[in-house]
**Q** 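Okay, handing you the structure first.
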2 protein chains.
Amino acid sequence: MTVTLADVAARARVSPATVSRVLNGNYPVAASTRERVLRAVDDLDYVLNGPASSLAAATSDLVGILVNDIADPFFGIMAGAAQTEIGGPGDGSGRAGGEKLAVVCNTGGSPERELTYLTLLQRQRAAAVVLTGGAVEDPAHQAAVSAKLAKLADAGTRVVLCGRPPLPDGEAVVAALAFDNRGGGRRLTEHLLSLGHRRIGYVAGPLERTTTRHRLEGHREAMRAAGLVGDEERLTVHGPYDRRSGYDATLELLRREPEVTAVVAANDTVALGASAAIRDRGLRIPEDISVAGFDDLPFSVDAVPALTTVRLPLFEAGARAGRLAMGKETPPPGGIATIAAELMVRGSTAPPRV
Amino acid sequence: MTVTLADVAARARVSPATVSRVLNGNYPVAASTRERVLRAVDDLDYVLNGPASSLAAATSDLVGILVNDIADPFFGIMAGAAQTEIGGPGDGSGRAGGEKLAVVCNTGGSPERELTYLTLLQRQRAAAVVLTGGAVEDPAHQAAVSAKLAKLADAGTRVVLCGRPPLPDGEAVVAALAFDNRGGGRRLTEHLLSLGHRRIGYVAGPLERTTTRHRLEGHREAMRAAGLVGDEERLTVHGPYDRRSGYDATLELLRREPEVTAVVAANDTVALGASAAIRDRGLRIPEDISVAGFDDLPFSVDAVPALTTVRLPLFEAGARAGRLAMGKETPPPGGIATIAAELMVRGSTAPPRV
DNA sequence: CTGTTAGCGCGTTCAA
DNA sequence: TTGAACGCGCTAACAG
């Protein structure tokens, strides 16, 4: 029923070994022989059996890209960029030559699913794994992930971190590309302080996430440097990285402290929800309250008013992670690179009313 | 170095077959034996060899989800929903039991990459494939995709279409869930007409895409029914489904016909760009120009003013596609279901100035 | 309920 | 430059 290497060999009147060599292009094969084999492949519509090939060769062409939320462009942009580098441009023949199969796996932010996917990829003997976005900070989970990654690396899988802080013992990892969330958060709040804001609310991301913590730390660093201490807890509300959470948390913030003059959101999506809440309360942006986000997703510049935020080079980072996973680029010194975050001042922030 | 089934069997003092049976849970195994085996698995940190298992069983647990643009929430929402149904909730053990490996593949809208991914999935003997979003209408490519899907189906892969029109000869496909793009497009334009608009510009998607064509056809149906004909070409500009294209195309539209009182965009993302262009030209929404989108992505309700659009139940459709791919749900009669689109009237549309 | 046997389809030695 | 032979690790009969 299904055509195998042997069928192709028979038709081309060579040995299976020769067909294999032609297909993999690793060994010298006479041009005329190769010709015959390729014709037989086309005639028979032969498709390599991936599992058999992976079993024999003890490697596979699968590359996994783990994301926390596939519906969030933050991850989509990184994953898409990585996939482009990994999948290659395609040869247009649709015949699928030496390409890797770059696939993205959606953990939904769940530690269990993250581990499950890693196991599944380990089971498939994946050629590489790219972990994107912030990590969950639960020590047990971190240890489990580290152990799993070590085992993957051990089995020859290349592990790359993208937008995620390095592992405690980074040995298992080819490279870690970390965003400067702390620095970005600090500069964003410094910007607000320099405009004259003092009562600044913070809509933070979920607890126990590195991204959440680092951005918040940057914010508090700036606040502390300005002598603003003591109100941290009251002026911070945590919630998921989504629009709805931004809306609800901002309402809560305004209830706790009606006098806030600025709201900093964990990311742009949350900022959108925050803005909606502020408007629904009859307040204007930025005249009554300034709003700022983080990430500079494509829609942020189109918000009204345009959103002040911190730009992360998501596409570039994803592409680089993809190249590192493919071994097409040499890792940074020490395997760790910090990726700069750039403050983007736009219309949603202005001096507070006096 | 790497531990195999045989090692586990030796340690548990059973035969390899028994270990296999415990792991796959398909055959009755005595509780005490199972216990011993599972302990050995844990002790040895054994991970099943996916390729070997797939080779022997002639099936794999890989499920591919193809999307046109992974950075677009339109696809992310569908893919995420599908993945949730397919991957299962996970058992929390991180041990990866009977789960399928649901992976998303980003074609970037390129026909070649679409075919390449299908070949790669065929090579892996994927258990199922879900194709999401509009198809490219080039006949040669459609024929190639149909042929490929037929071969996949032949080899036992379940093929599901989600948000994509049925194949000409739908036999290869388990089910096709098609959005009512035409009806949605028609109702949207009828809404504008009922407000009194007559000069309506249309920022369409890329040429040769089913989604583009169907939405545009719905629009023109409504226009024609209102007796508005002759200006179709002049009032339509095509471009990619992105923010930038919406911006540029709208500028072009305003140049061609400064008197437009409404702009309909191919989707919400494009509508965002269109809105920005309109504002940059010093015009107000909706007082000077009404704007409408399509899809009702999460950010659309937060646009200012909130975007009038057509809601597509992306999450529900994706989840259903996932269940169909798993055989957890019986296909609709004839294998084809049309999914309704709901008009969402919000602040971005209003009667034209007189 | 459990063990034995025989491949699954391919990559890779080793010879020729 | 090519062919023959072996084994990758596992599942699926078939016995028992």
Side-chain angles (χ1 to χ4, degrees), chain A residues 1-38 40-41 44-62 96 98 120 122-125 127 155-156, chain B residues 1-38 40-41 44-62 96-98 120 122-127 155-156:
Chain A
M1 179 59 242
T2 131
V3 23
T4 76
L5 236 200
D7 299 332
V8 176
R11 186 173 232 275
R13 304 198 294 138
V14 295
S15 74
T18 299
V19 178
S20 171
R21 297 199 260 253
V22 170
L23 261 29
N24 293 306
N26 303 331
Y27 279 78
V29 174
S32 65
T33 311
R34 137 175 290 111
E35 202 68 17
R36 276 217 314 291
V37 169
L38 288 180
V41 166
L44 267 39
D45 245 345
Y46 171 67
V47 175
L48 193 66
N49 183 318
S53 151
S54 295
L55 173 58
T59 61
S60 100
D61 53 2
L62 198 71
L120 251 15
Q122 177 183 13
R123 183 181 286 188
Q124 300 297 330
R125 306 302 189 249
Chain B
M1 179 58 242
T2 131
V3 23
T4 75
L5 236 199
D7 299 333
V8 176
R11 185 174 235 273
R13 303 196 296 138
V14 294
S15 74
T18 299
V19 178
S20 172
R21 295 197 261 253
V22 170
L23 261 29
N24 293 305
N26 303 331
Y27 279 80
V29 173
S32 66
T33 311
R34 135 175 291 110
E35 201 68 18
R36 274 217 317 290
V37 169
L38 288 179
V41 166
L44 265 40
D45 243 346
Y46 171 67
V47 175
L48 194 67
N49 183 318
S53 152
S54 295
L55 173 58
T59 60
S60 100
D61 54 1
L62 199 70
L120 252 15
Q122 179 182 12
R123 182 181 286 186
Q124 300 297 332
R125 305 302 189 250

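Just so it is clear, the values below take in all heavy atoms, side chains as well, and ignore hydrogens, waters and symmetry mates. In what follows, every chain begins at residue 1, and chains take the letters A, B, ... in the order their sequences are listed. For clarity, every value in this text was computed on a predicted model and none was experimentally measured.
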**Q** In whole Å, what is the span from the CG atom of A/N49 to the C1' atom of D/dC8?
**A** 13 Å

**Q** Could you state the atom-to-atom distance from CZ of B/R13 to P of C/dT2 in whole Å?
**A** 14 Å

**Q** Nearest-Å distance, CZ (A/R125) to C1' (D/dC8)?
**A** 11 Å

**Q** Let me confirm one number: the CZ-CG distance from A/R125 to A/D61, rounded to the nearest 0.5 Å.
**A** 14.5 Å

**Q** Check side chain to side chain contact (heavy atoms under 4.5 Å, CB included) between B/A30 and all other residues, then give those that pass, not counting sequence neighbours.
**A** B/S32, B/T33

**Q** Who are the side chain to side chain contact (heavy atoms under 4.5 Å, CB included) partners of A/S20, not counting sequence neighbours?
**A** A/L5, A/N24

**Q** Measure the distance from CD on B/E35 to P on C/dC1 and round it to the nearest whole Å.
**A** 15 Å

**Q** Of all the choices, C/dC1, C/dG9, D/dT1, which nucleotide is nearest to the side chain of B/A30 once you look at every atom?
**A** C/dC1

**Q** Taking side chain to side chain contact (heavy atoms under 4.5 Å, CB included) as the test, write out the residues that go with B/A40, two or more places apart.
**A** B/V8, B/R11, B/A12

**Q** What residues form a side chain to side chain contact (heavy atoms under 4.5 Å, CB included) with A/A56, not counting sequence neighbours?
**A** none

**Q** Do nucleotides 11-16 of chain C as a string where each nucleotide becomes B, S or -: B if the base has a protein heavy atom under 4.0 Å, S if just the sugar-phosphate does, - if no protein is that close.
**A** SBB---

**Q** Name all pairs fulfilling the salt bridge (charged side-chain N to carboxylate O under 4.0 Å, His left out) condition that reach into residues 12-34 of chain B, sequence neighbours left out, sorted by first residue then second.
**A** none

**Q** How long is the line joining CG of B/L55 and C1' of C/dC10, in whole Å?
**A** 8 Å

